[in-house]
Number of protein chains: 2
Amino acid sequence: MTVKQLALPELTEACVRLGIPGIGLWREPVQSYGVEATAKLVRDAGLTVTTLCRGGFFTTVTDLDDNRAAIDEAATLGTDTLVLVSGGLPPGSKDLPAARHVIAEALTELAPYAAARGVRLAIEPLHPMYAADRCAVSTLDQALALAEPFPASQVGVVVDTYHIWWDDRAPAAVARAGAQGRIHAFQLADWTTPLPAGVLTGRGQLGDGTIDLRAWRQLVDAAGYTGPIEVELFNDTLWARDGVEALAETTRRYIRHAL
Amino acid sequence: MTVKQLALPELTEACVRLGIPGIGLWREPVQSYGVEATAKLVRDAGLTVTTLCRGGFFTTVTDLDDNRAAIDEAATLGTDTLVLVSGGLPPGSKDLPAARHVIAEALTELAPYAAARGVRLAIEPLHPMYAADRCAVSTLDQALALAEPFPASQVGVVVDTYHIWWDDRAPAAVARAGAQGRIHAFQLADWTTPLPAGVLTGRGQLGDGTIDLRAWRQLVDAAGYTGPIEVELFNDTLWARDGVEALAETTRRYIRHAL
């Protein structure tokens with residue numbers, strides 16, 4: 001998503017050239033290119049698919065068929081992790097606890113299906129500014145509480161700096177998640193202001209904002225996480241640039257601010 | 001601030017006509033009209049000043065003179081409560097705990113000065129989307145932790161639905177704050193999306209959004225709060241309308257959704 005202006009063949013080629021060993025993919029471009037074709041493209045380039053994004057939106061869809069399809073796609077792509085953006089309030093509702101209950105029930109139904117296909121569900125807490133319309137799970141503590149009824153091999157969490165950097169309880173939650181083996185993905189983005197209208201496309205390039213990215217990386221390291229580190233930027237300015245150049249800059253920024 | 005298009009004489013007159021018994025004031029219009037003159041205007045109308053907004057921004061100003069001036073103004077206006085927006089990260093900093101430490105130190109210096117003038121300091125946690133640039137205090141738990149070293153008569157918190165509605169820990173914090181006598185102000189605004197650019201002027205008219213305002217009012221009631229209830233909307237659409245009509249609508253919405 002960081003360089004969504006690149007088609008998948010350009011993206012894989014650029015990753016190889018820049019020494020990036022894996023890619024987190026989103027469903028839409030994968031479906032357009034073809035799931036099997038994408039799997040072959042990435043595999044032939046010697047890369048891995050780190051995660052597939054995303055399942056979820058449990059609170060506004062009536063059945064879980066599309067989530068099962070997402071799990072199938074993750075399995076076909078050869079990634080072990082499906083990121084879940086759980087969904088906000090259904091239309092007309094003002095009841096966040098009820099929304100979280102619906103999310104818990106959906107996990108109960110999906111976790112065995114995913115486990116049977118070798119896919120882990122990774123609950124991503126989203127910044128509280130998305131609580132109404134995208135994700136009623138706003139903190140790492142909440143995400144962990146939703147995951148804990150399941151084996152860690154089935155359900156875990158996503159640690160994304162953009163969403164949790166403000167939270168003074170998040171460092172302890174990272175440690176707890178790590179000790180349980182539930183950090184299923186680690187994503188970096190920086191926090192910059194002013195936020196754009198709609199607050200979706202203002203994630204800062206690494207180093208441009210207020211998040212101590214290396215400190216978070218060290219926390220996640222200390223929690224025992226050894227998996228891939230993803231950079232996930234939704235950024236209008238970055239998307240307007242040449243994709244390969246934007247990816248190269250992101251790589252340099254990653255080395256400078258997080259490695 | 002809800003109807004900042006109204007000059008203070010129009011505002012007091014409209015409040016009297018609508019049966020609104022008190023007004024929360026902001027410093028800028030008060031200073032323009034004159035602090036003593038405002039105090040007399042409001043008093044002669046038979047109204048009270050519920051709170052003065054705002055002191056704070058401790059993390060980006062080097063001395064506390066302006067905060068002492070705000071306390072003096074609150075005392076002159078006859079309100080017992082100065083709302084504090086504590087400030088975000090200083091330029092170049094990525095250290096939220098350090099910012100919170102600076103805030104705690106400023107409180108230590110200001111609390112006795114305020115107490116001597118009969119003014120309580122009310123720490124307002126702001127929504128986490130303001131953590132970088134406006135307020136490093138993002139949760140009611142954090143605000144309470146900052147207040148607890150002081151007598152409740154000196155330092156308390158602001159419960160503002162807009163800032164805390166997403167937080168599953170906030171109801172318990174409201175109860176604790178109430179038990180300690182530290183709810184020094186209670187403010188209502190609704191949460192509507194999409195947020196506007198800069199995320200400052202999109203607070204929803206009561207009933208237009210996703211917050212169960214009456215439930216929060218009942219929580220605050222149950223916590224023992226008996227003080228005024230303020231409606232604080234920053235809303236471009238509301239500001240563009242006739243101020244008296246906007247205030248009348250706000251009164252109707254308050255009765256319908258919170259009373």
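The basis for the numbers below is simple: all heavy atoms, side chains too, and nothing from hydrogens, waters or symmetry mates. Chain identifiers are assigned alphabetically (A, B, ...) following the order of the sequence lines, protein sequences preceding nucleic acid strands; residue numbering begins at 1 within each chain.
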key: Contacts of residues 175-205 of chain B with chain A (heavy atom under 4.5 Å)   = B/D190, B/W191, B/T193, B/P194, B/L195, B/P196, B/A197, B/G198, B/V199
request  = To the nearest 0.5 angstrom, please state how far the CH2 atom of B/W165 sits from the OG atom of A/S138.
outcome  = 7.5 Å
remark   = Scanning both residues in full, the closest heavy-atom pair of B/T139 with A/W166 reads CG2-CZ3, 4.0 Å
task = Quick one: closest heavy-atom pair of B/H127 and A/H127, and the distance?
result = CE1-CE1, 4.1 Å
ask   = By a 4.5 Å heavy-atom criterion (distance strictly below it), what part of B/T210 contacts chain A: side chain, backbone, both, or neither?
value = both
message = Do A/R169 and B/D141 have side chains that approach each other closer than 4.5 Å (heavy atoms only, starting at C-beta)?
response = yes
query = If we only count heavy atoms from C-beta on, is the A/K94 to B/I211 side-chain gap below 4.5 Å?
reply = no
ask   = What residue, out of B/A131, B/G209, B/A132, has the most heavy-atom pairs lying under 4.5 Å from chain A?
value = B/A132
key: A/R241, CZ atom: more than 12 neighbouring heavy atoms under 6.0 Å   = yes
task = Counting only heavy atoms closer than 4.5 Å, note whether B/D212 contacts chain A via side chain, backbone, both or neither.
result = both
